[in-house]
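Each remark here refers to the structure printed beneath this line.
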Amino acid sequence: MPVMSVHNPPETQAGAILTVDLDAIAANWRLLRDAADGAETAAVVKADAYGTGIDKVAPRLWDEGCRHYFVAHLSEGVDLRAVLPAEATIHILNGLLPGGTALYAEHDLVPALGSLDEIDRWIAHCGASPLPCNIHVDTGMLRLGLPPDELDILAADGSRLGKLDVQLVMSHFASADEEDDGQNQKQIAAFQRARAMLPMGRASFANSAGILRGPAYRGDLVRPGIALYGSNPTPWVENRMHPAVTLETRILQVRDARPGDTVSYGATYTVEKPMRIATVSVGYADGYLRSLTGGGRAFIGNQAVPILGRVTMDLTMLDVTDIDPAKCRPGDLVELIGPHIGVDEVAARAGTIAHEILTGLGGRYHRRYVGK
Ligand SMILES: *Cc1c(COP(=O)(O)O)cnc(C)c1O
């Protein structure tokens, strides 16, 4: 997959090593498929499969039985087509870009049409022989999809619908990953109304969280993303997903600090007692977010090592005062994401969600895949 931001330097030269467990992603897909209880299970692999590598993940999920794939951009679909068998169905979530229309047919991609304007452009493009498309209905997010007034116009007569080959009528939840269910119930009602007006094709509604919430959320084809990659989509219950990503960084230097010394830019951390500080080769340019300043931590063995001072572009300082010096030398690896600190905890400490941590994973890591 030509993801140009990923250089994949050799392990010995990389400041950090990202390990993606394809078996875990496959196990997560099977878990979601079983939970979907009869609805067909697709895979959302936008943004390079949430940073994990679409060229590895998508073919592995094909081997598991996944036949429908969703990406955001047309260009992602073109790239994905090259690594999947011709029978795979590839859906483009972001709709119909003016100027890109011909590429959908050329690469056998299905656009999610989200406005009358997009629908009209698609009809004009297809002429007398409709090509497969999806209709995206907005049920309460005001992001993409037909707004209610356009839905009414579309459903009012067959003038447009008769010229479309509709595969999916789809919508997206705003709050399926939040415990409070009010917004979801409103969207479920809106989607039922849309489905009654557009009874053609199959219904597709649930994201990861929706799948686990129950049948009313699902439709006929479900679209899990984040849960495939190990994050807990329903954080108010225990995570059933298998962690799929490990990130380790390398220690560059270990130094002694005395009371009164200050650490990193802005001198925001003042040393109060004799300490040992390790500088590791990861920073916000690698997607290790600057907002981990203050609350972030890493692990050496099963001991936590807090971040000291600000995370910088390429480097981060860790408090290794309590670590056996033999386990903490230049070149040794430190766990940033892994068995002791999962992606959801890193995200929480950075004040964000696992989606942002994973999709921001940097291009300077050495990438390693386990599983086939
Ligand atoms: C990203 C996305 C998904 C997947 O959502 P997750 O919360 O990652 O499971 C599903 N549908 C649409 C329209 C999306 O944009």
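Since this is a predicted model, take the numbers as computed values, not measurements. These numbers come from the heavy atoms of this one structure, side chains and all, not from hydrogens, waters or symmetry mates. Just so you know, ligand 1 is whichever comes first in the structure, and atom 1 is the first atom listed for that ligand.
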Pairs flagged by salt bridge (charged side-chain N to carboxylate O under 4.0 Å, His left out) wherever residues 144-154 is involved - sequence neighbours left out =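 Only D152-R193 qualify under salt bridge (charged side-chain N to carboxylate O under 4.0 Å, His left out).
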query = Is D23 paired with R60 through a side-chain N to carboxylate O contact shorter than 4.0 Å?
reply =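 Salt bridge between R60 and D23, a charged N being under 4.0 Å from a carboxylate O: yes.
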ask   = Is any side-chain N of the basic residue among R143 and D138 closer than 4.0 Å to the acidic one's carboxylate O?
value =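 Looking at R143 and D138, the cut-off is not met.
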task = Could you tell me whether the side chain of N184 reaches within less than 4.5 Å of the side chain of Y217, counting heavy atoms only?
result =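 Side chain of Y217 against side chain of N184, heavy atoms only: contact under 4.5 Å found.
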query = What residues form a side chain to side chain contact (heavy atoms under 4.5 Å, CB included) with N207, not counting sequence neighbours?
reply =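 Testing N207 for side chain to side chain contact (heavy atoms under 4.5 Å, CB included), a comparison that skips the adjacent residues, returns H172, F173, A176, A209.
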R30: salt bridge (charged side-chain N to carboxylate O under 4.0 Å, His left out) partners, not counting sequence neighbours =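 Only E64 meet the salt bridge (charged side-chain N to carboxylate O under 4.0 Å, His left out) criterion with R30.
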message = For a quick check: using heavy atoms under 4.0 Å, what are the residues in contact with ligand 1, sorted by chain and number?
response =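 Close residues (ligand 1, cut-off 4.0 Å): V44, K46, Y50, L93, R143, H172, N207, S208, R223, P224, G225, I226, H355.
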